[in-house]
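Down below is the structure, laid out as structure tokens.
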Amino acid sequence: MLSNIGNFLLFLNILLSCLAIYFSVSCLKTTNDLVLKKIYQTSLLQCTTILISFFTLVAAFIISDFSVINVYENSHSQKPLFYKISGTWGNHEGSLLLWVIILTVFSYLFLILNKNHPKNYRLYTLVIQNLLILGFLIFILFNSNPFSFVSPLPNEGLGLNPILQDPALAIHPPLLYVGFVGSSIYFSAAMASMITNYSDKLFAKSIKTWVLISWSFQTLGILVGSIWAYYELGWGGFWFWDPVENASLLPWFAMTALLHSLLVLEKRNALYFWTIILCLLTFILSVTGTFLVRSGILNSVHTFANDPTRGIYILMYLSLMILASVYILFTRYKPASIEINSNSKETFVLVNNWFMMFYLITVLLGTLYPIFTDAMTNNKISVGPPFYNSVIIPVVVLFLFFMAIGPNVKWIKNKFINFKIYLLIFLAAVLLNFIIFSFFKSYSVISNLIVISSLFLIFSSIFDIFKKSSYNFPRVISHLSFGFLILFIGLNHNFSIEKDFNLKVGETKQIDNFKFYLKDLKLTQDTNYKTITGQLKVNDLFTKEERILKPEIRIYDNPKTLTYEASIQSNFLRDYYLSMSNIDRSEYYNIKFQKKPLMIWIWISVATLSLGGFLSLIRHAKYN
Amino acid sequence: MKIRILYFIFFLNITISVSSNEALNESQIHKNLRCLVCQGQSIADSNSEFAQTLKMVVKDLIKQGKTEDEIYSFLSDKYGDWILYKPKFNYENFFLWSFPYIVLVFGGLIVFFLIKKQQKKT
């Protein structure tokens with residue numbers, strides 16, 4: 001039953017989408033500046049039906065209707081209700097439905113919230129957005145249909161991968177999708193803007209809201225994803241430069257560049273085509289990321305169940321998108337005279353974009369390079385964290401200095417910035433860095449530089465707050481947070497303590513100043529899994545601290561899987577992190593222990609970084 | 001005067017940094033080796049038997065007095081370059097290592113000339 005409703009609603013959505021395109025195209029020819037009422041209605045109806053079809057799927061998950069293929073493959077009647085619901089978007093098909101919802105809802109909101117912009121610009125945006133929607137609907141219906149009927153009716157579902165049964169991972173996909181699927185709306189708007197020659201400051205104003213929304217959500221999505229990786233993957237790292245993580249980072253770089261170049265377009269009416277390119281690039285990278293993740297051509301920790309036909313479809317979709325956007329870009333391109341003075345804000349926005357492009361290309365190259373070498377020379381190589389760290393980190397140092405100075409320069413023209421103040425700030429940063437490093441006795445050139453440059457950014461941002469009578473609060477918050485983020489990552493990386501060893505019950509082991517004792521193991525039965533909980537006493541012989549950590553090994557029944565739950569004790573100064581895993585045919589357990597300073601502050605910095613985006617959104621709404 | 005303080009502090013930082021030439025860091029090596037039977041994990045992160053064995057091999061190689069690079073080339077001869085997370089700097093990977101910097105330099109030149117051109121006009 002639910003399977004039929006779902007299929008019907010998907011078909012209906014295809015029809016409505018075609019209808020919206022048809023109405024919009026016919027409305028383009030009318031001379032008055034009014035968008036026909038039926039276009040609003042169609043668009044609203046699209047939103048309603050796609051939401052209903054999504055809730056149909058949610059309902060199927062809640063009542064465990066295993067005649068629906070998606071429920072059968074990803075759920076189980078014994079699963080807690082919360083994870084039944086989150087299971088809806090925790091898989092390929094269901095998440096595609098979430099994609100289409102965001103495409104559709106953003107399309108409608110853009111239409112109704114931009115009433116003071118020209119009719120044709122809005123209509124073209126709607127048409128292009130609907131073409132994107134159609135592409136995805138067809139993909140869902142003919143290749144990845146969550147509503148396909150299973151016959152005969154199975155008694156029980158296959159269950160959801162236990163590591164996905166987690167609160168952070170329940171909210172991670174929606175956040176991330178609002179981010180990178182949300183970028184579709186300014187892809188469409190950029191195309192429409194080129195077609196209708198709507199290229200002034202007002203265009204920048206019309207998309208700014210959407211850029212801010214997608215950027216803020218993307219940032220949050222990445223944050224939640226790395227928190228999840230930190231406690232669930234069980235290795236104590238939070239960023240692995242894994243292809244799937246890179247796929248979420250690439251659009252983020254493009255968005256960040258766009259966010260800044262948009263300022264120049266808005267304030268100075270310059271850099272129009274560059275801004276357009278960034279708009280197009282952001283969504284293209286989002287789809288590229290989806291392609292890489294879903295087609296399974298990359299080896300990653302976060303694997304989706306994959307299937308080559310999906311890859312081919314998304315690749316076709318992607319190529320069409322790129323061809324269309326490149327074609328329109330070339331036919332509409334006019335070389336514009338750019339008025340940029342050195343030492344003006346425009347220059348620094350360009351500098352920001354320059355660095356963002358560097359990060360973007362480095363990460364893109366690193367992600368794709370193994371595919372090329374494999375195809376060309378049959379030699380499989382890995383590009384992992386050491387590559388990214390050694391290429392990117394030295395450049396970040398330079399970037400942070402520019403980032404500190406940039407915002408204090410005026411638009412158009414400026415006398416040379418107050419050199420003395422920066423020298424003082426620099427001195428303070430170097431001094432504090434020296435104190436930190438001599439206190440903790442751990443040194444490396446690059447960590448010193450990272451700490452100095454991030455302190456430089458932090459001090460100068462704080463200085464802004466006290467010195468200037470009027471400053472852009474959201475900007476200060478985001479820049480300050482970014483400075484803190486790099487600082488905390490630098491300190492955390494440099495002063496983390498890691499121990500990796502094997503231990504059996506009743507055994508004591510001392511490594512450097514830490515003493516470990518595995519007291520005992522307890523077996524308990526939970527609703528849908530068994531747990532082995534270890535009791536580990538950790539003594540720090542320097543600080544005389546003693547704590548008990550309780551790592552778990554969980555044995556899930558449906559599907560049969562082992563997961564390792566780390567025991568984490570965190571406070572504002574440091575995290576104690578301990579995970580335990582069994583070793584085959586041995587009574588020993590492998591223990592990974594880490595003491596990670598300032599861990600929680602890394603999360604807080606990213607959260608406030610994204611908060612800056614939301615505040616800027618409010619500010620933008622207030623003044624426009 | 002300020003400049004002199006600056007030099008002093010900077011010099012202090014550098015000397016401290018250089019003086020700390022640590023011995024071979026085992027876990028650093030583990031992080032650079034891919035666990036071949038896992039999905040995108042290094043042997044430092046993995047619990048698999050393969051990772052356990054490889055850790056012992058690394059320990060052995062360090063005992064034999066091999067340098068970090070020698071350990072890497074020993075393992076990549078045996079398992080292929082797939083095992084190294086830090087790609088070798090060789091002919092094949094030249095593009096990978098150099099292209100980011102080419103982008104960095106060119107991007108800088110573009111920004112520089114855009115501004116330069118503008119200043120001539122005004």
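All values below were derived from every heavy atom in this structure, side-chain atoms included, with hydrogens, water molecules and symmetry-related copies excluded.
- Of the candidates V391(A), I361(A), V395(A), V391(A) is the only one forming a side chain to side chain contact (heavy atoms under 4.5 Å, CB included) with P100(B).
- The closest side-chain heavy-atom distance from H30(B) to E498(A) is not below 4.5 Å.
- The number of heavy atoms from other shown groups lying within 6.0 Å of CZ (F372(A)) does not exceed 12.
- For the salt bridge (Lys or Arg N to Asp or Glu O under 4.0 Å) condition, the pairs that include at least one residue of residues 82-96 of chain B, sequence neighbours left out, are D81(B)-K88(B).
- Of all heavy-atom pairs between L96(B) and G366(A), the closest is CD1-CA, 4.1 Å.
- D45(B) places a side-chain heavy atom less than 4.5 Å from the side chain of F240(A).
- Remark: N502(A) pairs with I583(A), Y588(A), N590(A), Q52(B) by the side-chain contact (heavy atoms from CB on, under 4.5 Å) rule, at least two apart or across chains.
- If you measure heavy-atom distances from L365(A) to chain B, the contacts under 4.5 Å come from both the backbone and the side chain.
- Residues S390(A) and Y101(B) approach most closely at O-OH, 3.7 Å, considering heavy atoms.
- Ion pairing between K55(B) and D500(A) holds under the 4.0 Å rule for side-chain N and carboxylate O.
- Within 6.0 Å of atom CZ in F50(B), more than 12 heavy atoms from other residues, nucleotides or ligands are found, so the atom counts as buried in its surroundings.
- Heavy atoms of S76(B) lying under 4.5 Å from chain A are absent altogether.
- Looking at W354(A), its side chain never comes within 3.5 Å of a backbone N or O of V111(B) through a donor-acceptor pair.
- Heavy atoms closer than 4.5 Å to chain B are found in both the backbone and the side chain of F387(A).
- For the atom pair CZ (F99(B)) and CG (L364(A)), the distance works out to 9.5 Å, reported to the nearest 0.5 Å.
- Here the OG atom belonging to S382(A) is positioned 8.5 Å from the CD1 atom belonging to I83(B), to the nearest 0.5 angstrom.
- Y369(A) OH to W97(B) CH2: the interatomic distance, rounded to the nearest 0.5 Å, is 11.5 Å.
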